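Down below is the structure, laid out as C-alpha cells.
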There are 2 protein chains.
Amino acid sequence: MDKEYELLLLENQVCFPTYAVANKILRRYQPLLKKLNLTYTQYVTMMVMWEKEAVNEKDLVKALYLKANTLTDLLRKLEKKGYVQIARSEKDKRNIVIRLTDEGRKLKDAAISVPKTLIDEHWLTDDEVKTYKELLYKLLKGDWEK
Amino acid sequence: MDKEYELLLLENQVCFPTYAVANKILRRYQPLLKKLNLTYTQYVTMMVMWEKEAVNEKDLVKALYLKANTLTDLLRKLEKKGYVQIARSEKDKRNIVIRLTDEGRKLKDAAISVPKTLIDEHWLTDDEVKTYKELLYKLLKGDWEK
DNA sequence: ACAAATTATATCGTATGCGATATAATTTAG
DNA sequence: CTAAATTATATCGCATACGATATAATTTGT
C-alpha cells in the first residue's frame, strides 16, 4: 500500500519535470522572441517554413506534433503579420497550402540571434543534449498516446 | 553562413521536442484525470498536498516551478471542489496557507489509478527514465532563466 | 454512379501559464 | 520611528493547446 502511494510522489513523476522544463524554456524564449514579433509556437512554425518554403497544413501538424485546430488560428496570425501566405490547394481543395513570403524569409536572419544567444548559455553539455534529445524523440514517437 | 542557418532547423532544437513531449504527455493524462475531476496542474498540485498536508502558497510555487499568479486561480478552484482549504497565515498575513481537506485526502486513493495505468505503458525503460529525469532536473535547476 | 466513410480544416468553449501591474503586510535603513 | 524597499498575493489581458463538434471535399464500396 505504501509502495502504491509512492507512485503519487512528485519526485517519482516523469510528467512533472517534463512539463516544468517546457514552461521554463518557454519563459526563457519569450523575451527573445518578442523582438521578432513571434510567439514560441509561431517561431517553431516559422522554422518549418524557413526549411520547406511551402507545406500543407496537414504536414505542418505532423511536423509540429500539434493538433490541426491549434494551428488554424496561429497560421492566420502569421499571415496577418505577412510572414506566410495561405491558400487552398487546387489539386485537393480540402488542403491548405502555406507559403513563405519574402517578408517571412527576411525574418530568418533576425531569428538566428535567438539560438545564438541561447547556445552560449550551455544548459547541458553536448553529450547530454544528444542523450536528452534521443529520449525525447523516443517519447514523441512512442505509440502510447490516446 | 550555412552553418548558422543550421541553428534554425527544427531537428537541432532542444526546446521543440521538450515542448512537444510535454503536450503529448498532457494529452495522455487528460482523459484519465477527467475521472478525478482534476486538470493536470491541479493533479500535480494535489500531489504536493497529499505529501505535505499543508503548505504556504509561496512554497507551492517553488515546488511546482510555476509563477504565483498561475496558482492563485488554480487554488481557488481546488478549494471550490472541496479538496483544499485556503487561509491567511496568522504569523504573516501576507502568506496563504493551503491545507488538505478530508475530501482531498480521500481523492488520493482514486488518484493511484492514474500512475498505475500509465506505468504499464512503458514509455521508457527504467534506465532511460532515470537518465531522462536527471537531465530534466539539471535543466530545471539550471540558472539560465530570466 | 452514388451513398457512406474518410479526410482536412474550422469553430467554439474551456483550461492553462505568464508578464505587467496593483495592493497589502512586513522588513530594512537611516 | 518612520519612509522606503521588499515580499506575498491578486487582478487583468493575452497567447496557447485541446476536445468536441461541424462542414466541405474527396475517396470508398457496392
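From a predicted model like this one, the values you see are computed outputs, not experimental measurements. Note that these values count all heavy atoms, side chains included, but never hydrogens, waters or copies made by symmetry. In what follows, chains carry the letters A, B, and so on, assigned in the order in which the sequence lines appear, proteins first and then strands, with residues in each chain numbered from 1.
Near DNA chain C, meaning a heavy atom under 4.0 Å from it, residues 73-81 of chain A has A:R76 in order of number. Contacts between residues 31-64 of chain B and DNA chain D, defined by a heavy-atom separation below 4.0 Å, involve B:E57, B:K58, listed by number.
Of the possible polar contacts, one joining the A:K133 side chain to the B:E11 backbone as a donor-acceptor pair under 3.5 Å is found. For B:K24 (side chain) and A:L139 (main-chain N/O), a donor-acceptor pair under 3.5 Å exists by modelled atom type.
Looking at the side chain of A:L66, the nearest of the listed nucleotides D:dA17, D:dT26, C:dT9 is D:dA17. The B:Y19 side chain lies nearest to D:dT16 when the options are D:dT16, C:dT27, C:dT9. Of all nucleotides listed (C:dG17, C:dA10, C:dT26), C:dA10 comes nearest to the side chain of A:T72.
Side-chain to base pairing of B:N69 with C:dG19: one donor and one acceptor N or O lie within less than 3.5 Å of each other.
B:R88 has its CZ atom 8 Å from the C1' atom of D:dA8, to the nearest Å. Rounded to whole angstrom, the span from the CD atom of A:Q30 across to the P atom of D:dC14 amounts to 15 Å. For the pair A:L26 CG and D:dT16 P, the interatomic distance rounds to 10 Å; values are reported in whole Å. Atom-to-atom, CD1 of B:I96 to P of D:dA8 comes out at 12 Å; the value is rounded to the nearest Å. Summarising the geometry, the separation between CG on B:D92 and P on D:dT6 is reported as 17 Å, rounded to the nearest angstrom. Rounded to an integer number of Å, the gap from CD1 of A:I98 to C1' of C:dA8 is 11 Å. In this structure, A:N95 places its CG atom 10 Å from C1' of D:dT26, rounding to the nearest Å. Regarding B:K93, its NZ atom lies at a distance of 16 Å from the C1' atom of C:dT23, rounded to whole Å.
Partner of B:Y19 under the side chain to side chain contact (heavy atoms under 4.5 Å, CB included) criterion, out of A:V44, A:I25, A:V21, A:L26: A:L26 alone.
Residue A:K67 is the one, among A:K67 and A:R94, whose nearest nucleotide of DNA chain D lies closer to the 5' end (criterion: closest heavy atom).
Counting only residues at least two apart or in different chains, salt bridge (Lys or Arg N to Asp or Glu O under 4.0 Å) contacts with residues 74-85 of chain B are absent.
No chain of hydrophobic side-chain contacts below 4.5 Å, direct or via other Ile, Leu, Val, Met, Phe, Trp or Tyr residues, connects A:V97 to A:V61.
Considering only heavy atoms from C-beta on, A:T41 comes within 4.5 Å of A:L66 through its side chain.
Between A:Y137 and B:F16, the ring planes are tilted. Angles from 30° to 60° get that label. Relative ring orientation between B:Y43 and B:Y29 is described as tilted, the plane-to-plane angle lying within the 30° to 60° band.
Between B:L107 and B:L36, the closest heavy-atom pair is CD1-O, 4.0 Å.
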